[in-house]
K.L.:
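Below: one structure in structure tokens.
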2 protein chains.
Amino acid sequence: MGRRSDVLELAVLGLLQESGLHGYELRKRLNALLGPFRALSYGTLYPCLKSLLAAGWIHEAGAGNEAGTATPASPLAGRRAKIVYELTAEGKERFQSLVSHPGPAAWEDERFDVHFAFFARTDAGTRLQILEGRRSRLEERREGYRQSMHRSRERAEQYTLELQRHGLESVDREVRWLSELIDTERASNMTHPPHDGDRPPLPAPAPGPDHESR
Amino acid sequence: MGRRSDVLELAVLGLLQESGLHGYELRKRLNALLGPFRALSYGTLYPCLKSLLAAGWIHEAGAGNEAGTATPASPLAGRRAKIVYELTAEGKERFQSLVSHPGPAAWEDERFDVHFAFFARTDAGTRLQILEGRRSRLEERREGYRQSMHRSRERAEQYTLELQRHGLESVDREVRWLSELIDTERASNMTHPPHDGDRPPLPAPAPGPDHESR
DNA sequence: GAAGCAATGTATCGGAGCGATATATCCAAG
DNA sequence: CTTGGATATATCGCTCCGATACATTGCTTC
């Protein structure tokens with residue numbers, strides 16, 4: 001499967017862990033998972049489901065009439081049924097495998113969020129690895145901004161500069177966020193050491209976005 | 001031209017205002033403009049240049065040998081020349097038009113940065129309009145996050161929640177940034193009132209990302 | 001002075017993914 | 001009883017991106 005859809009694969013497999021879902025609900029969860037905006041298209045989801053089906057990681061299960069209403073009249077003809085997708089045993093294994101040793105780049109922009117969302121089902125070592133990978137990725141980017149701003153010192157143009165200043169600041173905040181998470185993870189690893197399948201540390205409630213300004 | 005490339009169109013037209021450039025250099029400037037990362041592909045740039053050419057906004061100008069070395073041996077055959085793209089008169093008009101009355105959605109994620117980058121060549125009224133549009137867009141998104149977090153209060157999962165908390169905080173910062181810019185713009189409009197083609201206000205140097213922590 | 005190699009430069013192709021759209025069912029309001 | 005919205009499945013065209021191929025400098029390093 002393609003360059004980006006492997007992250008979709010992970011997300012779908014992850015969401016189906018809990019229980020079987022149909023496409024529509026799956027899409028809603030998917031969109032909620034990564035932030036309530038940036039909608040995922042059905043033109044992406046359904047082909048992905050098909051390929052997961054073909055790979056044998058999920059299977060379809062009709063759900064028009066299993067609890068309650070016995071098929072009222074004719075079981076034949078049209079009657080478009082809901083299709084509930086469920087994980088197969090192989091699918092569960094696949095998810096564990098994806099989550100335990102992340103591909104070449106779990107710290108890229110689109111992938112990181114999904115991996116993070118499933119941290120509860122990821123072992124502590126891998127969590128740390130992904131967080132640190134993400135941090136260096138962002139540190140590179142921060143360095144890129146610094147270089148770029150330094151280069152354009154003279155040829156400076158006010159608004160462009162402001163844009164870059166803001167970009168740099170954002171990346172910088174992101175790095176600090178990751179550093180805090182990493183510290184939390186490490187502290188939690190200390191107190192209760194490399195013991196397989198341990199509980200995730202909760203990253204401290206944090207004082208909130210400081211909401212009374214403006 | 002397609003859904004996304006119209007922002008590319010604006011960017012290219014804007015960059016060529018200063019002087020003619022060839023594709024390679026254009027790509028570098030483009031990438032620097034939006035942030036030093038997220039590279040733009042030639043597979044996007046060249047088709048765009050072609051369509052701009054077809055529309056008559058730009059024209060090609062050979063630049064292999066105008067200052068110095070007279071064509072040494074044979075002017076025939078291979079000899080691949082640099083192609084410098086320059087704006088036509090229509091191209092300049094087109095840019096002004098794009099910049100003065102922004103399309104249906106100059107405040108969307110990908111478009112906003114480019115429009116902002118060319119604020120120096122945008123009149124004060126339009127600047128304010130775009131900044132405010134962007135802000136409401138982000139306020140909607142913030143509201144989306146709030147809703148989403150509230151909904152998943154019970155079914156809460158630590159890491160997912162943390163991800164959303166961080167997302168909300170980021171959007172919130174973005175909104176504050178825009179509010180500051182808007183205030184600055186407005187103040188500057190006061191002191192030197194609606195007079196066509198006025199100088200842009202510089203948005204205050206700002207104390208910087210506060211760099212000694214950790 | 002040529003061999004190696006990084007940067008500059010132009011160009012295309014396959015395919016992933018998105019927006020738009022078509023279709024169909026259910027249910028509540030009017 | 002019909003309008004309309006939420007739920008639900010599905011496909012198609014088109015855009016854009018990553019990969020790749022190519023050619024030309026210009027530089028170091030023997």
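A note on names: the letters A, B, ... follow the listed sequences, proteins ahead of strands, and every chain is numbered from 1.
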K.L.:
Output yes when at least one side-chain N/O atom of B:K82 is less than 4.0 Å from OP1 or OP2 of D:dA23, else no.
P.N.:
no
K.L.:
Would you mind reading off the bend of the helix from C:dG1-D:dC30 to C:dG30-D:dC1 from its two end axes, five pairs each, to 10 degrees?
P.N.:
30°
K.L.:
May I ask you to evaluate whether A:K50 reaches the phosphate of D:dT11, defined as a side-chain N or O under 4.0 Å from OP1 or OP2?
P.N.:
yes
K.L.:
Which nucleotide wins on minimum distance to the side chain of B:Y42, given the candidates D:dT9, C:dT12, C:dG17?
P.N.:
C:dT12
K.L.:
Sequence neighbours left out, what passes salt bridge (Lys or Arg N to Asp or Glu O under 4.0 Å) with A:E86? Give chain and number order.
P.N.:
none
K.L.:
Give a yes/no on whether any side-chain N or O of B:S41 is located under 4.0 angstrom from OP1 or OP2 of D:dG18.
P.N.:
no
K.L.:
Restricting to side-chain contact (heavy atoms from CB on, under 4.5 Å), what partner residues turn up for B:E93, sequence neighbours left out?
P.N.:
none
K.L.:
Whole Å only: how far is the CD atom of B:E25 from the C1' atom of C:dT10?
P.N.:
15 Å
K.L.:
Please determine whether a side-chain nitrogen or oxygen atom of A:Y24 lies at a distance below 4.0 Å from atom OP1 or OP2 of D:dT7.
P.N.:
yes
K.L.:
My understanding is that only residues two or more places apart in sequence, or in another chain, count here; which of them pass side-chain contact (heavy atoms from CB on, under 4.5 Å) with A:S136?
P.N.:
A:E139
K.L.:
What's A:G43 touching, base or sugar-phosphate or nothing? Going by heavy atoms closer than 4.0 Å.
P.N.:
base
K.L.:
List in chain and number order the residues that pass side-chain hydrogen bond (donor to acceptor under 3.5 Å, both in side chains) with A:R29, two or more places apart in sequence or in another chain; answer none if no residue qualifies.
P.N.:
A:E25
K.L.:
May I ask you to decide whether B:R121 forms a salt bridge with B:E18, counting only side-chain N to carboxylate O separations under 4.0 Å?
P.N.:
yes
K.L.:
Going by the rule side-chain contact (heavy atoms from CB on, under 4.5 Å), which residues pair with B:Y42 if we only count those two or more places apart in sequence or in a different chain?
P.N.:
B:Y24, B:R27, B:L45, B:Y46
K.L.:
Is any side-chain N or O of A:Y46 closer than 4.0 Å to OP1 or OP2 of D:dT9?
P.N.:
yes
K.L.:
From C:dT8, D:dC17, D:dA10, pick the nucleotide closest to the side chain of B:K28?
P.N.:
C:dT8
